[in-house]
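Counting from 1, the numbers follow the sequence of the chain as shown.
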Amino acid sequence: PGTDRHGATAAGERAREAIRGAPFDGVGVVTLSAGTCDLDVADDPHDLLAKADQALLAAKAQGRDRTVAYDVEATRTGTSSRAARFEQARALEALHALARAVDARHADTMDHAHRVADVATDLARGLGWERRDVDLMRDAALLHDVGRVGRPVEAAGAAGADHAALGAQLLADVLTPLQARWVGGHLDPPRRPDSTSDLAYEGTHVLAAADVWDGLLHGDGRRAPLPFAAALRTLHEMGGGRIDAAVVAALTAELTATMGTRKGGT
């Protein structure tokens, strides 16, 4: 009570982080999306709630798991545009639920998507990506394995089973073409950049590296997890092979620093 939009947004973020940081038994990580507004841009309490709800829809349309403050510019968008964003948000929410269900089918992949998303976004940020592109990577990483819905449970970790193409097809209408390329190529990344976009190449390798790292550290249904140091050595050896050497080097350096922090007890 009595706060402004900044305080409300901060409160939303505290709630979001608290919920995301406390997984539920038998369910895993649950995320929260929030929209905020203040009376500077609302005419009355009813308008305040309606505009906060518009901000909530925007949070969902931007990939969920975030807090968005109402922007006065949103009042300039037409009803059809808002409806389209709402439908896209609903479709994206359904795909997130599907991805969580896919991860939950196998004990070794529980919460796999969120771990991959955390590593991929940290890696993209470390490579100097713009904030918008980092956010795109997080959304793509959270859904990168949604194509596994087409595979039987017993094949969860089967070698060579390419679910990436199906995932890209499922995501084509709710994510950007760039994100769909990352998802579609993460099991078999391109060997070199093409003339279309260097970000398409690097992003695919970022997602591939994050996915491989999680499989090494936590297991993938067919391989047992490795100790941190052994997983790090294996990742380092992959540089220049299936995954781009510069991307592997950047991730290895980041993880080495993490290991050093662990040893230091800080």
Side-chain angles (χ1 to χ4, degrees), residues 20 29 31 33 57-66 68 81 84-103 109 111-151 162-215 242-244 246-248 250-251:
R20 194 181 187 287
V29 173
T31 62
S33 299
L57 293 179
K60 292 184 175 182
Q62 292 173 27
R64 305 169 74 238
D65 192 18
R66 65 194 66 206
V68 171
S81 176
R85 289 200 305 274
F86 178 69
E87 289 303 319
Q88 182 186 40
R90 288 182 61 187
L92 192 59
E93 187 170 355
L95 286 170
H96 275 285
L98 182 60
R100 289 195 298 271
V102 168
D103 273 357
T109 59
D111 207 27
H112 167 74
H114 276 94
R115 293 193 303 263
V116 170
D118 288 343
V119 173
T121 51
D122 286 346
L123 177 55
R125 194 177 295 113
L127 289 168
W129 286 25
E130 297 290 335
R131 169 65 185 272
R132 175 181 178 276
D133 295 326
V134 172
D135 289 343
L136 290 177
M137 173 54 69
R138 178 167 188 81
D139 292 341
L142 284 170
L143 293 166
H144 77 283
D145 269 349
V146 71
R148 286 198 290 120
V149 69
R151 295 162 55 198
D162 188 349
H163 55 271
L166 175 58
Q169 291 176 23
L170 291 171
L171 299 172
D173 291 334
V174 293
L175 296 185
T176 68
L178 180 62
Q179 290 172 300
R181 287 187 66 177
W182 292 340
V183 172
H186 79 275
L187 292 182
D188 186 20
R191 297 298 182 264
R192 62 184 63 83
D194 60 26
S195 59
T196 305
S197 169
D198 287 348
L199 194 60
Y201 168 84
E202 188 172 66
T204 306
H205 283 264
V206 165
L207 183 52
D211 186 47
V212 165
W213 169 250
D214 191 72
R242 182 167 72 90
I243 305 177
D244 182 81
V247 171
V248 170
L251 180 54

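- Ring geometry, H144 versus H186: the interplanar angle exceeds 60°, so the pair is classed perpendicular (tilted spans 30 to 60°).
- For the residue pair A209 and V247, the shortest heavy atom distance occurs at CB-CG1, 4.0 Å.
- In this structure, the side chains of E202 and D244 stay at 4.5 Å or more apart for every pair of heavy atoms.
- How far CD of E130 is from CG of L199: 10.0 Å, rounded to the nearest 0.5 Å.
- Considering only heavy atoms from C-beta on, D65 comes within 4.5 Å of R138 through its side chain.
- Taking NE2 of H114 as the start and CG of L142 as the end, the distance is 5.0 Å to the nearest 0.5 Å.
- Atom CD1 of I243 sits about 11.5 Å away from atom OG1 of T204, to the nearest 0.5 Å.
- Taking all atoms of both residues into account, the shortest heavy-atom contact from M137 to G203 is CE-O, 3.3 Å.
- For the pair Q179 and L171, the minimum side-chain heavy-atom distance is 4.5 Å or more.
- In this structure, D133 and W182 approach most closely via the heavy-atom pair O-CH2, 4.1 Å.
- Between W213 and V116 there is no side-chain heavy-atom pair separated by less than 4.5 Å.
- Taking 4.0 Å as the cut-off between side-chain N and carboxylate O, R66 and D139 count as a salt-bridged pair.
- For the pair L187/D211, a side-chain contact is recorded, criterion being any heavy-atom separation below 4.5 Å from C-beta on.
- Atom CZ of R131 has 12 or fewer neighbouring heavy atoms from other residues, nucleotides or ligands inside a 6.0 Å radius.
- Using a cut-off of 4.0 Å between Lys/Arg side-chain N and Asp/Glu carboxylate O, D188 and R242 are scored as not salt-bridged.
- Minimum heavy-atom separation, V206 to A120: CG1-O, 3.6 Å.
- Considering every non-hydrogen atom in both A250 and L127, the closest pair reads CB-CD2, 3.7 Å.
- The heavy-atom pair separating A141 from A117 by the smallest distance is CB-CA, 3.5 Å.
- In this structure, the side chains of V183 and L143 stay at 4.5 Å or more apart for every pair of heavy atoms.
- Taking the salt bridge (Lys or Arg N to Asp or Glu O under 4.0 Å) definition, one finds that R132 meets it with nothing, sequence neighbours left out.
- Using a 4.0 Å cut-off between charged nitrogen and carboxylate oxygen, R115 and D145 do not count as a salt-bridge pair.
- A distance of 12.5 Å separates OH of Y201 from CZ of R181, quoted to the nearest 0.5 Å.
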